[in-house]
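Every value quoted in this text rests on a predicted model; they were computed, and no experiment measured them.
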Amino acid sequence: MTTEWLQRTIVLPARRRGCHVITRNVYEALPELSQFEVGIANIFIMHTSASLTVNENASPDVPLDLNDSLDRIVPEGTMYRHADEGSDDMPAHVKSSLMGASLTLPIAGGKFALGTWQGIYLNEHRDSGGARRLTVTVHGQKRADGRAYPPPGTR
């Protein structure tokens, strides 16, 4: 059985500052993922003022608390030299470096092998960050029978 590659750039619409669960957006942009029996996916955000992470997707308080915590850890203020693009820019770069620009996720049975309460987050660290681009690279084996698994959420 041979391995296959898939790479796609996903453009997500602008979101307000905060932490946003985007798991469904990624699945919808990658319908071919359902053909992979096993593999690895790398999701990379092509920006320096937003980040990615995996965290709880069940409670609506988690993204709010996560963003509040990041704001306490990296406050806005006049202590930064890089202030050309506004008071939220340099703190956004620091938050992005702390959280990370990419995720590596296992693929099993046509979906990301996430825990029951885990979801993929886009963390928007700017007040007006604009649309965000993700490059997703998948490497793995497709099903031997050529069929696809049912989409996540339907099994």
Side-chain angles (χ1 to χ4, degrees), residues 3-34 36 38-140 149 151-153:
T3 59
E4 296 196 31
W5 290 92
L6 167 68
Q7 188 170 73
R8 169 112 7 99
T9 297
I10 302 170
V11 180
L12 298 173
R15 287 174 164 75
R16 70 186 184 288
R17 184 176 182 167
C19 301
H20 309 277
V21 179
I22 61 164
T23 312
R24 182 163 307 283
N25 301 97
V26 176
Y27 279 133
E28 288 172 354
L30 289 171
E32 302 92 339
L33 189 67
S34 65
F36 284 83
V38 64
I40 293 287
N42 177 270
I43 306 172
F44 177 77
I45 189 161
M46 302 169 73
H47 303 276
T48 60
S49 57
S51 61
L52 300 171
T53 194
V54 171
N55 216 306
E56 181 184 322
N57 66 358
S59 169
D61 291 332
V62 172
L64 300 172
D65 288 340
L66 185 58
N67 188 64
D68 291 348
S69 296
L70 288 168
D71 285 344
R72 282 192 298 278
I73 294 166
V74 187
E76 290 183 27
T78 58
M79 67 286 262
Y80 304 104
R81 287 179 285 278
H82 175 69
D84 300 345
E85 298 176 51
S87 63
D88 66 338
D89 188 47
M90 191 59 217
H93 294 315
V94 174
K95 291 173 188 177
S96 176
S97 290
L98 290 173
M99 298 298 285
S102 68
L103 300 172
T104 300
L105 302 174
I107 299 167
K111 64 179 184 172
F112 301 119
L114 295 168
T116 302
W117 308 113
Q118 289 182 318
I120 301 167
Y121 276 67
L122 166 71
N123 307 302
E124 177 55 69
H125 304 302
R126 298 290 314 266
D127 291 328
S128 300
R132 298 300 190 176
R133 292 180 300 140
L134 308 176
T135 296
V136 182
T137 305
V138 175
H139 184 236
Y149 291 94

Test side-chain hydrogen bond (donor to acceptor under 3.5 Å, both in side chains) applied to [X] - qualifying residues, sequence neighbours left out:
X	result
Ser102	none
Ser97	none
Thr48	His93
Arg126	Asp88, Asp89

Could you state the interatomic distance from [atom1] ([X]) to [atom2] ([Y]), rounded to the nearest 0.5 Å?
X	Y	atom1	atom2	answer
Glu124	Cys19	CD	SG	10.0 Å
Ile45	Arg132	CD1	CZ	6.0 Å
Ile120	Asn57	CD1	CG	10.0 Å
Glu56	Thr116	CD	OG1	11.0 Å
Leu114	Leu105	CG	CG	5.5 Å
Leu12	His20	CG	NE2	10.5 Å

Exercise for the section: Would you please name every residue forming a salt bridge (charged side-chain N to carboxylate O under 4.0 Å, His left out) with Arg8, sequence neighbours left out? Expected result: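 In terms of salt bridge (charged side-chain N to carboxylate O under 4.0 Å, His left out), with neighbours along the sequence ignored, Arg8 is linked to Glu32.
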
Any donor-acceptor pair under 3.5 Å linking the side chain of [X] with the backbone of [Y]?
X	Y	answer
Arg24	Ile22	no
Ser96	Ala92	no
Tyr121	Ser51	no

Looking only at non-hydrogen atoms, find the nearest pair between [X] and [Y] and report the distance.
X	Y	answer
Pro91	Tyr80	CG-CE1, 3.6 Å
Leu122	Ala50	CD1-CB, 4.2 Å
Ala131	Val11	CB-CG1, 4.1 Å
Pro75	Arg72	CD-O, 3.8 Å
Tyr27	Phe112	OH-N, 2.9 Å

Problem - Leu134 and Leu52: CA distance, side-chain angles, deciding distance, side-chain contact (heavy atoms from CB on, under 4.5 Å) verdict - result: CA-CA 10 Å; Leu134 308 176; Leu52 300 171; 4.0 Å; yes

Practice task
Could you tell me whether the side chains of Thr3 and His139 share a donor-acceptor contact shorter than 3.5 Å?
Solution key: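 The answer is yes; a qualifying pair exists.
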
Exercise for the section: Might you work through the side-chain contact (heavy atoms from CB on, under 4.5 Å) test for Asn123 and Leu66, ending with a clear yes or no? Expected result: CA-CA 9 Å; Asn123 307 302; Leu66 185 58; 4.1 Å; yes

Practice task
Output all residues satisfying ring-ring contact (aromatic ring centres under 6.0 Å, His included) with His47, sequence neighbours left out; order by chain, then residue number.
Solution key: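 Per chain and number, His47 pairs via ring-ring contact (aromatic ring centres under 6.0 Å, His included) with no residue.
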
Exercise for the section: Compare all side-chain heavy atoms of Asp71 with those of Lys95 and state whether any distance is below 4.5 angstrom. Expected result: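 In contact.
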
